[in-house]
Engineer: 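After the structure tokens below, expect a handful of questions from me.
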Amino acid sequence: MSRKRFCEYMDINRSTLYYKHKSESEENLSIMETIDKLYYDHPTAGVVMMVGLLASLGIVVGPKRVRRLMRKMDIMAIYPQKCLSKGGKPQYFHPYLLRHMDIDHPNQVWSSDISYIPMKNGFMYLYAVIDVYSRFIVGWRLSYTLSANNC
């Protein structure tokens, strides 16, 4: 099969057969090695601080080059991130309605729970409704999606 027909069959451009990947230059490899050593000592150093650290060693590089090399090395600065689990001030506190209730017979109080079951390619979700008094499982559902339609 000719290259032209092969590329038509595979639905790719012919130029991709002739592409030769360029590797990093020796200078960039030495800069990357230096960045790796500096990152080990200063894990909170971002691009701007890394440019300054490299300049203190006599290596003059710009921030764009350092950013590209750090991304290629998959290095990110460690810094405090925004905590999204702590919400703002709640507008209304819902009262706990079961506080002074005596649960003394079945079907008086039901409780629900969602359990996350780790799988090879994600999670499965187990929805369960249980009777609080008898600990009997009233209903359950296993689903791939976490949506309100499953409850």
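Start at 1 with the first residue, then count along the sequence. A quick note: this is a predicted structure, and the numbers were derived from the prediction, not measured.
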Engineer: Evaluate whether atom CE of M76 has more than 12 neighbouring non-hydrogen atoms of other residues, nucleotides or ligands under 6.0 angstrom away.
Structural biologist: no
Engineer: With a cut-off of 6.0 Å (strictly less than), are more than 12 heavy atoms of other residues, nucleotides or ligands near CZ of R14?
Structural biologist: no
Engineer: Above 12 or not: heavy atoms from other molecules or residues under 6.0 Å from CD1 of I117?
Structural biologist: yes
Engineer: If two hydrophobic side chains count as joined below 4.5 Å and joins carry through other members, does Y79 share a cluster with I75?
Structural biologist: no
Engineer: Quick one: does T16's side chain have a donor or acceptor within less than 3.5 Å of a partner on I12's backbone?
Structural biologist: no
Engineer: Is it the case that more than 12 heavy atoms not belonging to M1 sit under 6.0 Å from its CE atom?
Structural biologist: yes
Engineer: Counting C-beta onward and ignoring hydrogens, is there a side-chain heavy-atom pair between L126 and I114 closer than 4.5 Å?
Structural biologist: no
Engineer: Find out whether Q108 and V132 are in side-chain contact, i.e. whether some heavy atom of one side chain is under 4.5 Å from a heavy atom of the other.
Structural biologist: no
Engineer: I'd like to check P95 versus L97 (side-chain heavy atoms, cut-off strictly below 4.5 Å). Are they in contact?
Structural biologist: yes
Engineer: Is L57 reachable from M50 through a run of I, L, V, M, F, W or Y residues, each pair having side-chain heavy atoms under 4.5 Å apart?
Structural biologist: yes
Engineer: Side-chain contact, heavy-atom cut-off 4.5 Å: P106 with F136?
Structural biologist: no
Engineer: How far apart are the C-alpha atoms of N107 and Y133, what are their side-chain angles, what is the distance that settles it, and do they pass the side-chain contact (heavy atoms from CB on, under 4.5 Å) test?
Structural biologist: CA-CA 8 Å; N107 290 333; Y133 177 78; over 6 Å; no
Engineer: Which heavy atom in A77 sits nearest to a heavy atom in A45, and how many Å separate them?
Structural biologist: CB-O, 3.5 Å
Engineer: Going hydrophobic residue to hydrophobic residue with side-chain gaps under 4.5 angstrom, can you get from Y127 over to I130?
Structural biologist: no
Engineer: What pairs meet the salt bridge (Lys or Arg N to Asp or Glu O under 4.0 Å) rule with one or both residues in residues 97-121, with sequence neighbours excluded?
Structural biologist: none
Engineer: Let me confirm one number: the CG-NZ distance from D41 to K37, rounded to the nearest 0.5 Å.
Structural biologist: 10.5 Å
Engineer: Among residues two or more places apart or on two chains, list those pairs meeting ring-ring contact (aromatic ring centres under 6.0 Å, His included) that have a residue in residues 17-72.
Structural biologist: none
Engineer: Sequence neighbours excluded and cut-off under 3.5 Å, please list the side-chain donor-acceptor pairs for residues 66-74, or say none.
Structural biologist:
| residue | atom | partner | partner atom | Å |
| --- | --- | --- | --- | --- |
| R68 | NH1 | E24 | OE2 | 2.9 |
| K72 | NZ | E24 | OE2 | 3.2 |

Engineer: Answer with yes or no whether the side chains of S134 and D131 bring together a donor and an acceptor at under 3.5 Å.
Structural biologist: yes
Engineer: Grouping I, L, V, M, F, W and Y whenever their side-chain heavy atoms are under 4.5 Å apart, do V48 and V61 come out in a common cluster?
Structural biologist: no
Engineer: May I ask whether F123 and W140 are part of the same hydrophobic cluster, defined by side-chain heavy atoms of I, L, V, M, F, W, Y residues being less than 4.5 angstrom apart, directly or through others?
Structural biologist: no
Engineer: What distance separates S115 OG from M124 CE, expressed to the nearest 0.5 Å?
Structural biologist: 12.5 Å
Engineer: Check whether any side-chain heavy atom of V129 sits under 4.5 Å from a side-chain heavy atom of I137, and report yes or no.
Structural biologist: no
Engineer: For residues D36 and E33, determine if any side-chain heavy atom of one lies less than 4.5 Å from a side-chain heavy atom of the other.
Structural biologist: no
Engineer: Can you measure from CD1 (I59) to CG (L53) and round to the nearest 0.5 angstrom?
Structural biologist: 10.5 Å
Engineer: Hey, are the side chains of R65 and N28 touching, using non-hydrogen atoms and a 4.5 Å cut-off?
Structural biologist: yes
Engineer: Could you tell me whether the side chain of L17 reaches within less than 4.5 Å of the side chain of C7, counting heavy atoms only?
Structural biologist: yes
Engineer: Can you check whether Y144 and Y125 have ring centres sitting under 6.0 Å from each other?
Structural biologist: no
